[in-house]
Each structure stands twice: as C-alpha cells, then as structure tokens.
Q: 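Here you go, one structure.
Below, chains carry the letters A, B, ... as their sequence lines are ordered, and counting in each starts from 1. Note that this is a predicted model, so its numbers are computed, not measured. Quick note: numbers below take in every heavy atom, side chains included, and nothing from hydrogens, waters or symmetry partners.
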2 protein chains.
Amino acid sequence: MASRTLRSFRQFILGLLSQQPMSGYDIKRFLKSLDWLVGSSSFGSIYPALHALLANGLVTVDVVYHQDRPPRKIYSITEAGRQVLKEWINQPVASSGSMRAFLMRLMLASNFSQDGLIAHLKQRRSQVEVQHATLEQIARAQDEMTDLGQRLALEYGLAVAMAELAWLDRTLERLSKQPLPMEVAHGNGITPTV
Amino acid sequence: MASRTLRSFRQFILGLLSQQPMSGYDIKRFLKSLDWLVGSSSFGSIYPALHALLANGLVTVDVVYHQDRPPRKIYSITEAGRQVLKEWINQPVASSGSMRAFLMRLMLASNFSQDGLIAHLKQRRSQVEVQHATLEQIARAQDEMTDLGQRLALEYGLAVAMAELAWLDRTLERLSKQPLPMEVAHGNGITPTV
DNA sequence: CGTATCATGTAACTAGTTACATGATTCA
DNA sequence: TGAATCATGTAACTAGTTACATGATACG
C-alpha cells in the first residue's frame, strides 16, 4: 500500500521528476535558483524524500558513471508515480493558501488539465480577494491607533495582494482567449548533464 | 543562562507581547487574522512557546478570573525579554529573506530604532531587487522552451517583486521626508477583554 | 596546496502539526 | 440536546535543519 504520508514537498519533487529525470543534486540546484518562489531546501530533506519515493515505487533510479566526475543517481517517475501525482493535483488546496503552496502547484501545470489549471488560478484569485478584503477591513478598523509596524505590514500585504489580483485577471483572460499552448514542452532549463 | 534556542516564531510572539500583554488564545486569534501575512499557527506551538518564554524569564503570567468565562493567563514581557528582543531585532536577517520573515520583523517596528527600520526596508529592497533580476534572467534564458507552469510561476514572481519594489520605494521616500511618527502607539486592535 | 564544485548520504536535533483531553457557557 | 465559542494544555508524530562524513576532480 503506497503510504499516503507523502506531503507537499515530496509531492513537489515528484512533480519535478514528472517533467524531467533528475538527480538529488540537480533538484537542489534547481530549487536554489527558485529560492524566492518556492523556497530552497537542504540535502538532508531531498535525499530522504527521494529514498521514500523510491521505496514506494513512485520513482526509479539509474546510476550513471562518468570518467571525470562522481557517479550520479538519476531518478525517473514511474506510472504509479504519475498516478499519485495526478491524484494530488486534483485534490483541492487548503483554504489558507500560502503563495508558496500555490506556486508549487502552478509550476506543475503540465499535470493539470486545461480546466484544472484555470480552476487553480481562479481559486487563488478568490483566496487573494478574501485576504485583500480582510486586510482592508483591519486597516479601516484600526486607522490611527495601530502600531507603525502593523500599519506598514498591512500596507505591504495590500500592495502584494493587488499585484496578484491584477496578474491573475490578466492571465485568466489571456488563457481564456487562446486555446492554451498545452503541448507539454518538457525540460526545466537545468541541463541534466547526463 | 537564557538559552539562545529561541527561534523566529518564539521571538515573534515575544515581540507581540512587547506591544501588549496577551493570552495564548489572544495570540491565536491575532495570528489568524494575519494568516496571509505571517502565517497562522496551532495551539500546539503557541502554548509550548509561551511556557518556554516563561521558563527563560522573558515573560510573566497573570491569571485573570472571570465569572462567566474560563480564567485566562495573560503574559507580559519582562525587562530581560525586551533585552533579548532588542538583540534579535539588531541581528541581520538571513540573506534568502522570505516575505514572511520580513513581515514578522516589520510588524515589530516599534522595537527598531528609526535607522534600524529604514535599514530593514532597504535590505528588503536590495534582496527583492536581486531576486527580480534572477527571475528575469531565468525567464530570458529559457523563453520558449520552458514548461508552461514554470513560465507562469516566473511571471507571477516578477509581478509580485515589482509590486514590492514599488511599495518599498514609496515608503522609503515617505519615511525620509517625515521625521517619522515614532511615538509608539501601543495596542494591536485585539481588545484583550480583561 | 588549499579551496571550490560535484555528488551522496546519515544522525542528532528542532520545530511544528494533528489529534486528543478537559470543561464552562451561550445560543438555536 | 447539540453545537459553537472560550480557554488551556499534552503526546505522538512528521518534517525539516544543521552538522558531519566521504571522496574525486579542477582551478588558481
């Protein structure tokens, strides 16, 4: 029984492997370049995650030897892995919805159906809208009395929320006009140097 | 020896208590309202954190009884607590700098010196600028070849980064013109209903 | 010759979540 | 009567970090 203890980070790694076979080192490099977007992580979490995915039969390994460099373990997703990934993607996202969680899923868009992708963006839109309204309400309720830092943080949140809403609206419109270039262009720019 | 094992979350709670004495339940409520900004947390982390702060002498408790409701434990910061908080605030922030970590500190602005606050905003500015440049570089390098999701995530990050930069510039200018209304207006809007 | 990059991994620890346990009061 | 809100807490677990260990090659 494929333990359903896989949580978001493991699943995200699985998602990356669905786009391209990679080694733990590749994943680290890739994640580091997107640090700001989805957050980096240490080898101490990547390797164990990979071992767990392997133990559950969601990925396979190929050891590739080189003359000049240490051997590399290239992980590839299996059919079972794609299945689990698809199930994960189809599950609704937690209502709080951090930007990080949203972006992690968004990056795996090729595993969404067209409608699924649009639904994901719409869901984000409504979440951000709620948060925006909440922040404005807090801001209105407190006005002068609030601590300077709280006021600044509130303004900051409002500015970011508005930017997100604007982007989401633009993008949703763009996507609804074109039939979506959904032919999955594999490759994430990190050449695996096999 | 006041163990220096206190990490950001504990310190943030300490910071909240520096603005106003609160109970664990108050903190939960307050954090929940700012879920989107700094993230919520469970009682399972709040109460133990409070106990740890108490054990280290950074806060004190007062039990307040009510006729109609359960008794509440109101925590207040001590002088030692303010000291630790000040030291934390004066420490430089990690270079990666998530928005969450930034906002947590920003919310505690009343514990900064004027210059400290401006320095904090400037540091964020330069971090976001670097990230923005990095994302643009990735976007340029990959152009067509990248997966749809990756492209969307990149765009999203760029939009948010630009919004942050704009806000930071506006705010830094605003702050440099006025001598700052730095008389600390205590109170965070959550009436403690003592 | 020392440092950086490539490459994999483990062990000890920290932090946090979820689920449980308790119990009073208010509202439908 | 049953659910919701107020209010505190603990125990078991999960996830993640930091620090360590290993070892090759390349570059200055």
Q: Under the rule for salt bridge (charged side-chain N to carboxylate O under 4.0 Å, His left out), what residues qualify as partners of A:Glu87, not counting sequence neighbours?
A: none
Q: Test of understanding: with ring pair (Phe, Tyr, Trp, His ring centres under 6.0 Å), list the residues that count as partners of B:Tyr156, not counting sequence neighbours.
A: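 Listed in chain order: A:Phe102, A:Trp167.
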Q: So what does A:Phe12 hit on the nucleic acid, given a heavy-atom distance under 4.0 Å: a base, only sugar-phosphate, or nothing?
A: nothing
Q: Choose from C:dG16, D:dT8, C:dG23 the nucleotide whose nearest atom is closest to any side-chain atom of B:Phe43.
A: D:dT8
Q: For the side-chain contact (heavy atoms from CB on, under 4.5 Å) test, which of A:Val61, A:Leu14, A:Leu17 pairs with A:Leu50?
A: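 With A:Leu50 as partner, A:Val61, A:Leu14, A:Leu17 yield a single side-chain contact (heavy atoms from CB on, under 4.5 Å), made by A:Leu17.
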Q: Identify which nucleotide among D:dT8, C:dG16, D:dG16 has an atom closest to any side-chain atom of B:Tyr47, counting heavy atoms from C-beta outward.
A: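 From the listed options, D:dT8 comes nearest.
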Q: Give the nucleotide from the list C:dT10, D:dG9, C:dG23 with an atom nearest to the side chain of A:His51.
A: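 Minimum distance to the A:His51 side chain belongs to C:dT10.
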Q: On DNA chain C, does the nearest nucleotide to A:Gly44 precede the nearest nucleotide to A:Pro71 from the 5' side, or the other way round? Give the residue.
A: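 The residue mapped nearer the 5' terminus is A:Pro71.
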Q: Using the side-chain heavy atoms of A:Pro48, tell me which of these nucleotides is nearest: D:dA7, C:dT10, D:dT10.
A: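 For the A:Pro48 side chain, the nearest candidate turns out to be C:dT10.
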Q: Give the nucleotide from the list C:dC6, C:dG9, C:dG16 with an atom nearest to the side chain of A:Tyr25.
A: C:dC6
Q: Strictly below 4.0 Å, N to O, side chains only: are B:Arg125 and B:Asp169 in salt-bridge contact?
A: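 Here B:Arg125 pairs with B:Asp169 in a salt bridge, since their nearest N and O are under 4.0 Å apart.
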Q: Out of D:dC6, C:dT17, C:dA7, which nucleotide sits closest to the side chain of A:Arg69?
A: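 Between D:dC6, C:dT17, C:dA7, the one nearest the side chain of A:Arg69 would be C:dA7.
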Q: Which of these nucleotides, C:dG9, D:dA7, D:dG9, is closest to any side-chain atom of A:Tyr75?
A: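 So the nucleotide nearest the side chain must be C:dG9.
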Q: Given D:dG16, C:dC6, C:dG16, which nucleotide is nearest the side-chain atoms of A:Pro70?
A: C:dC6
